[in-house]
Amino acid sequence: MKVIIAEKPSVGREIARVFGANTKKDGYIEGKGYTFTWAFGHLLQLAAPQEYGYYGWSVQNLPMLPPKFKLAIRKVKSKDGLIDDPGVKKQLDIIKSLFDEATEIIVATDAGREGELIFRYIYYYLKCKKPFKRLWISSQTDEAIKEGFRNLKPGSDYDTLFNSAHCRSQSDWLVGMNATQALSLASGNKGVLSLGRVQTPTLAMICARYLENRDFKPETYYQVAIFPDKDGQKFKAVSDKNFKTREEAEAVLQAVTATANVISVEGKPRKEPPPLLHDLSSLQQEANKKKGFTADQTLSLLQTLYEGKLVTYPRTGSRYIGDDVFAQIPSLISGLQHHPDFAKQATVLNGAKLSKRSVNAKKVTDHHAILPTGEKPWQLSADLQTVYDLVAGRMLEAFHSDCIKDITKITLLSGTRFNASGTVIREAGWRAVFNDPEEDKKDEDNAALPKLTQGEDLPVADKTLVEKQTKPKPLYNEATLLKALETAGKEIEDEELREAMKAGGLGTPATRAAIIETLLSRKYILREKKNLVPTPTGLAVYDVVKGQRIAQAELAGSWEKRLEEIRSGASVSLFQEEIKAYTREITQELLRSGKGVVLQSA
DNA sequence: GCAAGGTC
């Protein structure tokens, strides 16, 4: 018997369907001489410190450097504290009995570092010795699955990938567990002060932005505005210079002449291509911006839609689809022709030429962009409907035509130079789907400008002095923080580290919402309206770590670079020794410098 | 009481 193991039930069932296997059992499916089973993501994790004899939280234990890591069943919170997750335990037992009977195992966990780790941890925990092969596919279509099975790889081809995954996992444990205990103990052991490769740079970003914003000294500056009149239609033009003092501006205001001379008229149509399909992060940002949902809420709503088979896999990091999925888009679009909000645009798109901007098989990694499945939603709650509509609406936008705008820029002379600009949407294209007002519109922008010709003189109907202030960078909210986490590392000077981080930023799509929730639950940050601001505790922790590597995205970047080298065969033990050395160093440093952190009373 | 990673 051959056993196929997938990362999650949805994929296991999908592969079984392609094979034509349909005998459903508890936790697996049989048929055609195969057995199809699955994990639920990580079933196993590195065991907690006490499993290695480090009892309690104590300076004597630090740094905790287990000679050999152990695996433990994933834990869940219950009234008796942390216990083995019963659902996980049960599935692990099912997998064990299937592996026991197997002649061969086919590994169909997601094609990536964590997917490899999910399988290997199960395999080693169960002390399984059966031979295994690897299915390596990046698309879940029938053809891709069949092709993948014709091209199974030897399991050992992925040994170095497992090594890099295992190193990632151990490094996070070593640095995270030790740094957390060291800082908590140093501060007087009154509560948990957690630190980690991802959460600490994230906290640092929020704190740095908060302080920059708080300490910003706004500067007043002045502009002069005039309102020329063309045959009764007035529009606004602003001085091309800003003035530091009111006096300078007053002088320019006084010098405005009775008529303004049109020096130049520049008009050109601009094409604005449709946005890409959503990945998890862009959807979370959009839902936060438009509806105020938190990243965590959006993920959980999406998970419900996914379990209801209404949308495709949500925790994707790709905004693209392959050609195979593209072939299904026309029918998905025509399925929206009865949707209350989207009927009109779905009809417009039906049979039209579709934009292929989101179609690129090379940019599809483990999973493609989020799409509706075509199943009809039925009696969704308001929040679920909102998220569903963001997914469905984005699909219409992504395959729609360009938005075409006429942008006019006019320069006038009236004592000094004045500029006016105007934007007219000629063809809405993809913007017709949601019909939202544009966000980045400047206040000096006119909706439409009258037709003007170079050289003409216009009477100046009004003039005024405008007082303005320079603005600080805004505080982070969930949308801007998610974006910043995605692009974290872009400003790293070292080119190789920058490259290593470019692929992922900080954290992963699946974990970023959880990182924000962790910082909230530690009371390091608070939600203040839509903004994320640090608490005194968060600022105190930041003050201790801000000069250290653990607070910088560079640390994550340097690990990524080394992990990638391990994947291509570099020494595992060398990296492990370096991590241990760093663990000793950061633990000592925090025990010394962490004394200043005072917990605020909850 | 602790990390980050995956998923239900």
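Chain naming here is simple, since letters A, B, ... match the order of the sequence lines and numbering starts at 1 in each. Note that the structure is a prediction, hence the values are computed from the model and not measured.
- For A:Gln181 against B:dC2, a side-chain N or O and a base N or O form a donor-acceptor pair under 3.5 Å.
- OP1 or OP2 of B:dA3 has at least one side-chain nitrogen or oxygen of A:Ser194 nearer than 4.0 Å.
- Across the protein-nucleic acid pair, A:Gln91 atom CD and B:dT7 atom P stand 15 Å apart, rounded to whole Å.
- Annotation: side chain to side chain donor-acceptor pair (under 3.5 Å) contacts involving residues 550-560 of chain A, sequence neighbours excluded, comprise A:Arg113-A:Glu560.
- At distances below 3.5 Å, at least one donor-acceptor pair connects side-chain atoms of A:Thr373 with backbone N or O atoms of A:Lys309.
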Distance-only donor-acceptor hits, side chain of residues 58-73 of chain A, under 3.5 Å, sequence neighbours excluded:
from    : atom 1 : to      : atom 2 : distance (Å)
A:Ser58 : OG     : A:Gln60 : N      : 3.1
A:Ser58 : OG     : A:Gln60 : OE1    : 3.1
A:Asn61 : ND2    : A:Tyr55 : O      : 3.2
A:Lys70 : NZ     : A:Glu51 : O      : 2.8

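- Side-chain nitrogen and oxygen atoms of A:Arg315 include at least one within less than 4.0 Å of the OP1 or OP2 phosphate oxygen of B:dC8.
- Nearest-nucleotide positions on DNA chain B for A:Glu307 and A:Ser184 put A:Ser184 closer to the 5' end.
- Here B:dA4 presents its C1' atom at 15 Å from NE2 of A:His166, a figure rounded to the nearest Å.
- For A:Tyr125, there are no ring pair (Phe, Tyr, Trp, His ring centres under 6.0 Å) partners, not counting sequence neighbours.
- Listed pair A:Ser169 / B:dG5 fails the phosphate criterion, with no side-chain N or O lying under 4.0 Å from OP1 or OP2.
- With rounding to whole Å, A:Leu62 atom CG is found 11 Å from B:dC2 atom C1'.
- A:Glu560 has its CD atom 9 Å from the P atom of B:dG5, to the nearest Å.
- Spacing between atom OH of A:Tyr306 and atom C1' of B:dT7 amounts to 9 Å, rounded to whole angstrom units.
- Close to B:dG5, at under 4.0 Å from its OP1 or OP2, lies a side-chain N or O of A:Arg197.
- Not one side-chain nitrogen or oxygen of A:Arg120 sits closer than 4.0 Å to the OP1 or OP2 atom of B:dG5.
- Rounded to whole Å, atom C1' of B:dG5 lies 14 Å from atom CD1 of A:Ile122.
- Of the residues in residues 35-58 of chain A, A:Phe40, A:Gly41, A:His42, A:Gln45, A:Leu46, A:Pro49, A:Gln50, A:Trp57 come within less than 4.0 Å of DNA chain B through at least one heavy atom, sorted by number.
- For A:His278, the ring pair (Phe, Tyr, Trp, His ring centres under 6.0 Å) test picks out no residue, with sequence neighbours left out.
- Atom P of nucleotide B:dA4 and atom CG of A:Leu563 are separated by 15 Å, given to the nearest angstrom.
- Of the candidate nucleotides B:dT7, B:dA3, B:dG5, B:dT7 has the atom lying nearest to any side-chain atom of A:Asp110.
- At a threshold of 4.0 angstrom between heavy atoms, the contacts of A:Gly507 are confined to the sugar-phosphate backbone, with no base atom among them.
- If you take NZ of A:Lys8 and C1' of B:dG5, they are 13 Å apart, rounded to a whole angstrom.
- We find that A:Glu286 and A:Lys483 are not joined by a salt bridge, their nearest charged nitrogen and carboxylate oxygen being 4.0 Å or further apart.
- Salt bridge annotation for A:Asp85-A:Lys75: absent, with no cationic side-chain nitrogen under 4.0 angstrom from a carboxylate oxygen.
- Judged as a ring pair (Phe, Tyr, Trp, His ring centres under 6.0 Å), and not counting sequence neighbours, the contacts of A:Tyr121 are A:His166.
- Distances were taken from every side-chain heavy atom of A:Met177 (C-beta onward) to each of B:dG5, B:dA3, B:dT7; the shortest belongs to B:dA3.
- When distances run from any side-chain atom of A:Val198 to the nucleotides B:dG1, B:dC8, B:dG5, the shortest one goes to B:dG5.
- Residue A:Arg512 places none of its side-chain N or O atoms closer than 4.0 Å to OP1 or OP2 of B:dG5.
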